[in-house]
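Any value given below was found using the heavy atoms of this structure, including those in side chains, with hydrogens, waters and symmetry copies removed. Keep in mind that this is a model prediction, so the values were computed, not measured. Per chain, numbering begins at 1; letters A, B, ... match sequence-line order.
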Amino acid sequence: MAIERYNPRQAEARWQAAWADRKIFETKNEDSRPKYYVLEMFPYPSGRIHMGHVRNYTMGDVMARYMRAKGHNVLHPMGWDAFGLPAENAAMQNRVQPKSWTYDNIAAMRAQLKTMGLSIDWTREFATCDLDYYAQQQKLFLDLLAAGLAYRKSSKVNWDPVDQTVLANEQVIDGRGWRSGAEVEQRELTQWFFRITAYSDELLAALDTLDRWPEKVRTMQRNWIGKSEGMRIRFVVAGKAPAGHATIEVFTTRHDTLFGASFLAISPDHPLATQMAKNDTALAGFIEECHRTGTSAAAIETAEKKGYDTGLAVAHPFRPDLTLPVYVANFVLMEYGTGAIFGCPAHDQRDFDFATKYHLPIIPVVAPLDEFDADGDVVAWVEQFESGQEPYLDDGKLINSDFVDGLTVAAAKEAVAQRLEHTMLSGAPQGARQTNFRLRDWGISRQRYWGCPIPVIHCPTHGVVPAPEKDLPVRLPEDVSFDRPGNPLDHHPTWKHVPCPICGEPARRETDTMDTFVDSSWYFARFTAPHAATPTVKSIADRWLPVDQYIGGIEHAILHLLYSRFFTRALTATGHLGIAEPFAGLFTQGMVVHETYRREDGTFANPAEVTITGEDGARRAVDTATGAAVEIGPIEKMSKSKRNTVDPSDIIDTYGADTARWFMLSDSPPERDVIWTEDGVAGAHRFVQRVWRLVGDARELGMRIGRPGAALPNAMSSDAMALRKAAHRALAAVDDSLRGLRFNVSVARIYELTNALAGSLSALNEQRPDAVDFSLGAAVREALELLVEMLAPMMPHLAEECWSALGHSDLVSTRPWPEIERSLLVEETITLPIQVNGKKRGELTIPVGASEAEVEAAVLALDFVQRALEGRAPKKIVVVPKRIVNVVL
RNA sequence: GCGGGCGUGGCGGAAUUGGUAGACGCAACGGGCUUAAAACCCGUAGUUCCGCAAGGGACGUGUGGGUUCGACUCCCACCGCCCGCACCA
């Protein structure tokens with residue numbers, strides 16, 4: 001009997017201890033090697049790790065281990081995104097304090113993560129709810145406040161009347177609070193904001209520099225920032241204007257179509273509408289109705305364009321004889337532009353719908369270029385347009401437009417802009433060019449307990465006063481109760497009552513805490529000096545940042561990744577950092593998905609409760625406990641609600657961490673979803689055992705494979721050379737694919753090498769004792785060692801166990817990446833596919849150095865080529881060196 | 001509606017970026033080992049046609065066209081799926 005089965009449970013614990021004892025994953029800031037900072041998005045401490053974490057942290061760990069082997073000083077830290085509402089919910093439900101609930105969860109998850117064998121520098125670990133972390137964050141807040149990047153303003157928010165808290169937009173589902181189920185109200189509240197819009201242009205422009213980010217994420221951010229260049233135009237109200245509203249300002253990007261304007265529309269929330277509604281109950285009713293219509297996607301999709309004619313009219317800027325009616329319209333948003341538009345029905349779908357409903361003129365002013373006849377007439381097209389049912393939205397030339405007739409859309413925009421800029425209206429130009437952004441300032445106030453307190457004090461006399469440096473940090477009180485809804489900080493009997501730092505009179509602490517996205521907007525910088533007495537140590541942070549490879553889910557494409565880009569700039573503006581972008585490389589991993597199982601009563605069954613049978617060809621599932629048939633449903637993201645989750649700890653207990661890691665890396669490209677299957681995991685485990693068996697078999701061969709570290713013999717047999725070539729070719733391919741995070745390709749190349757190695761091993765084994773090819777033995781040892789070294793980033797425990805079994809006393813985790821012997825990648829002969837008329841008809845093996853003429857001659861001499869030629873000369877022979885030959889008849 | 005992406009065997013996927021399509025894995029089938037099973041090992045396999053066989057032919061990367069000696073790859077049109085945003089003026 002050769003060797004025992006590999007026991008991952010025992011081996012993994014042993015190697016994890018060996019790494020920890022030698023502190024090999026602890027990273028020094030001072031190091032002459034090139035730096036490499038790899039970071040996975042840190043987890044929320046929910047209490048258990050899930051398969052998504054396993055996939056995420058495996059990928060990051062492979063990169064960390066690989067880059068370490070490639071000679072880099074690697075920073076690979078881990079922390080906890082630990083503030084947030086779930087801890088408060090747990091406090092309410094289970095009567096545990098958020099703090100102990102959170103730290104217990106962190107302890108449990110840390111223990112789970114450690115069983116994965118991640119090469120993390122645990123000395124840098126922190127949680128965002130650590131006093132030490134949020135104290136630093138309070139300093140940052142005060143610096144941003146001083147720099148004008150944090151400010152207070154009144155704004156509308158989603159208010160949950162049951163939980164008595166503000167909800168983020170994402171936490172409002174179909175108009176109801178996600179937790180309480182109560183209908184969410186819009187409330188006007190004074191809130192803290194970060195001035196992210198100060199960087200709108202920069203955040204947009206710099207996206208072009210992020211060439212190692214997925215195009216998709218950059219596009220999403222571009223759309224989110226939503227830059228549009230247009231004009232702000234003032235329209236003069238004709239006749240008697242309401243007080244303070246002698247003009248109405250609109251924003252447009254289509255000022256070229258100004259001659260096609262047939263109405264103005266203002267938002268129901270426009271100050272003019274509010275003012276007029278005071279004396280107009282019908283208008284007030286209309287505005288009320290607009291507010292009732294939901295703002296959900298579905299509601300908007302189906303909502304009819306509705307307007308209320310205010311009776312006001314405005315003068316057309318270029319045609320004083322013409323006035324346009326002013327409507328309040330339900331489709332105009334107060335939050336964008338000026339909250340007012342001019343309607344050009346001929347060239348805008350909404351305006352067209354609106355004009356059709358209210359019988360307003362529809363004047364075409366842009367016609368398609370190819371509809372103009374030789375004399376410049378477009379009569380035919382205009383007739384066709386006027387009888388049609390839809391607006392014309394494409395490019396073209398201007399018609400019916402006075403001084404811009406005949407100009408292209410772009411030229412007309414310029415001409416109109418200049419004319420408006422030079423038309424003076426009560427001392428100011430009638431129009432001004434303006435760039436508008438969709439991006440709004442970031443509201444960070446949360447009426448919640450478990451977050452970073454905003455370090456300011458409200459004094460009746462002095463207003464907002466920053467908490468003095470000497471009083472920092474503002475600590476979260478621990479004697480809070482959750483027995484009634486609302487913000488426990490606000491309910492606390494004493495916490496908020498403090499004297500004003502300026503006058504000493506009674507004042508009130510800010511009881512709002514910061515959005516937890518603030519916590520995650522700078523944690524990557526804190527990891528570079530996690531114990532510093534300042535938020536960052538600029539010289540150290542600037543050396544490590546930007547993060548070379550950031551890995552996480554696509555769900556953070558906008559929020560976290562945009563906030564972090566802003567925060568990095570804000571920290572640079574306040575002297576804490578000296579960089580613009582936090583993440584040079586971003587990789588968005590796919591999800592882990594699994595089949596769903598549904599019982600007859602409609603409830604979902606967990607994979608562990610189901611037995612799969614496949615007797616008559618079709619896969620079927622039965623409930624293991626009851627034997628009842630279970631329907632196999634669609635493959636979906638692992639989730640508690642569908643119950644299609646697999647617990648990583650179960651997998652690690654059964655098969656070991658390496659099997660879980662290997663399965664995560666095999667088959668599916670990392671950016672796509674991976675389907676978790678029992679068969680797949682079993683297959684991955686089979687490979688773990690196969691490698692172990694190969695090492696065992698090799699050991700059995702004793703002297704045939706030589707000693708560790710022995711030099712290769714000078715004379716190599718052809719079998720030995722073939723194996724060496726296969727090994728070094730695999731090494732080159734794995735090197736390439738790992739660098740590009742194409743782990744599934746690395747895995748395939750490793751399988752190929754394993755197959756080749758197994759063949760050589762059994763050949764060597766079968767050789768008679770008096771006819772042993774020792775050069776093959778040496779090549780087997782070399783290939784096996786290379787295999788183990790290639791496996792090390794992906795299956796580190798197995799690699800250590802094999803490395804040791806092969807007679808080495810050092811750790812494979814501390815070894816440099818093996819050198820590729822380039823000479824082995826070059827072939828002396830090459831087999832070229834030979835095509836006749838573009839179809840492959842055979843092959844030709846020929847020395848690599850053969851000239852084109854020699855290749856041609858050899859090809860023409862081939863049987864099947866001769867037959868195809870039937871005595872004729874070929875029309876052409878295409879020889880692509882080292883690739884292919886095509887004989888064209 | 002706008003934007004991004006994808007479409008290759010029974011399944012996941014690979015293809016040196018315009019040069020032998022289907023590597024590698026999973027599932028399947030055949031064989032070996034075994035009293036038996038598991039484990040393990042060896043082998044087969046895109047579809048189809050001709051042939052007893054050795055072999056050989058045709059078709060084949062969502063569909064239709066184009067460029068090219070040559071197209072999964074480039075261009076045009078269409079079909080289908082996924083994701084994001086969305087009354088943004």
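Side-chain N/O atoms of A/R749 and base N/O atoms of B/rA23 include a donor-acceptor pair closer than 3.5 Å. In the interface, the side chain of A/K305 is paired with the base of B/rC87 through a donor and an acceptor atom under 3.5 Å apart. Between the side chain of A/R883 and the base of B/rU20, no donor-acceptor pair under 3.5 Å is found. The base of B/rC69 sits with one of its N or O atoms less than 3.5 Å from a complementary donor or acceptor on the side chain of A/N886.
B/rC59: Watson-Crick or G-U partner is B/rG46, with both key distances under 3.5 Å. B/rG1 and B/rC85 make up a base pair, with Watson-Crick or G-U wobble contacts both under 3.5 Å. Nucleotide B/rG12 forms a pair with B/rC24, judged by Watson-Crick or G-U wobble geometry with both contacts under 3.5 Å. Across all strands shown, B/rU68 remains unpaired; no Watson-Crick or G-U wobble contact has both distances below 3.5 Å. With a cut-off of 3.5 Å on both Watson-Crick or G-U wobble distances, the partner of B/rU34 is given as none. The base-pairing partner of B/rG7, taking Watson-Crick or G-U wobble contacts with both distances under 3.5 Å, is B/rC79.
Under the 4.5 Å side-chain criterion, counting only non-hydrogen atoms from C-beta, A/I266 is not in contact with A/Y327. Side-chain contact between A/M59 and A/P670 is present, with at least one heavy-atom pair separated by less than 4.5 Å.
B/rA14 and B/rC24 have their P atoms separated by 15 Å, with the value rounded to a whole Å. Taking the P atom of each, B/rG7 and B/rU63 are spaced 13 Å apart, rounded to whole Å.
Nucleic acid contact for A/T253: sugar-phosphate only, since backbone atoms but no base atoms lie under 4.0 Å from a heavy atom of the residue. Residue A/V332 is in base contact, counting any heavy-atom pair closer than 4.0 Å across all strands shown. Across all strands, A/E752 comes closer than 4.0 Å only to sugar-phosphate atoms, never to a base (heavy-atom distances). No engagement by A/P214 is indicated, since no non-hydrogen atom pair under 4.0 Å with the nucleic acid exists.
Ion pair A/D348/A/R254 not flagged as a salt bridge, since none of the NZ, NE, NH1 or NH2 atoms sits closer than 4.0 Å to an Asp/Glu carboxylate oxygen. A salt bridge is defined here as a Lys NZ or Arg NE, NH1 or NH2 lying under 4.0 Å from an Asp or Glu carboxylate O, and A/R739 with A/D736 meets this definition. We find that A/R222 and A/D208 are joined by a salt bridge, their nearest charged nitrogen and carboxylate oxygen being less than 4.0 Å apart.
For A/R672 and B/rG13, the shortest distance from a side-chain N or O to OP1 or OP2 is below 4.0 Å. OP1 and OP2 of B/rU16 both lie 4.0 Å or more from every side-chain N or O belonging to A/R742. Between A/R686 and the phosphate of B/rG25, there is no side-chain N or O to OP1/OP2 separation shorter than 4.0 Å. Side-chain nitrogen and oxygen atoms of A/N744 include at least one within less than 4.0 Å of the OP1 or OP2 phosphate oxygen of B/rA14. A sub-4.0 Å separation between OP1 or OP2 of B/rA89 and a side-chain N or O of A/Y336 is present. In this structure, A/K216 does not reach the B/rG5 phosphate: none of its side-chain N or O atoms is under 4.0 Å from OP1 or OP2. For A/R690 and B/rC41, the shortest distance from a side-chain N or O to OP1 or OP2 is below 4.0 Å. The side chain of A/R693 contributes an N or O atom lying less than 4.0 Å from OP1 or OP2 of B/rC41.
Here B/rA89 is the nucleotide among B/rA89, B/rG4, B/rA14 with the atom lying nearest to any side-chain atom of A/I341. Taking only side-chain atoms of A/R841, from C-beta outward, the nucleotide of B/rA58, B/rA14, B/rG19 with the closest atom is B/rA58. In the set B/rC24, B/rC69, B/rC59, the nucleotide with an atom closest to the side chain of A/V878 is B/rC69. The side chain of A/P669 has B/rG13 as its nearest neighbour among B/rG13, B/rA86, B/rA89.
Atom CD1 of A/I675 and atom P of B/rG13 are 7 Å apart (whole Å). In this structure, A/I554 atom CD1 and B/rC83 atom P are separated by 12 Å, rounded to whole Å. If you take CD1 of A/I558 and P of B/rG3, they are 17 Å apart, rounded to a whole angstrom.
For the pair A/R438 and A/W224, the cation sits on the ring face: its NZ or CZ lies under 6.0 Å from the ring centre, inside 45° of the axis.
By the rule that a glycosidic angle within 90° of 0 means syn, B/rU16 does not qualify and counts as anti. An anti orientation is assigned to B/rG64, its glycosidic angle lying beyond 90° of 0.
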### Task
Please test A/N644 against A/S639 for side-chain contact (heavy atoms from CB on, under 4.5 Å), starting from the C-alpha separation and ending with a verdict.
CA-CA 6 Å; A/N644 59 339; A/S639 70; 4.0 Å; yes
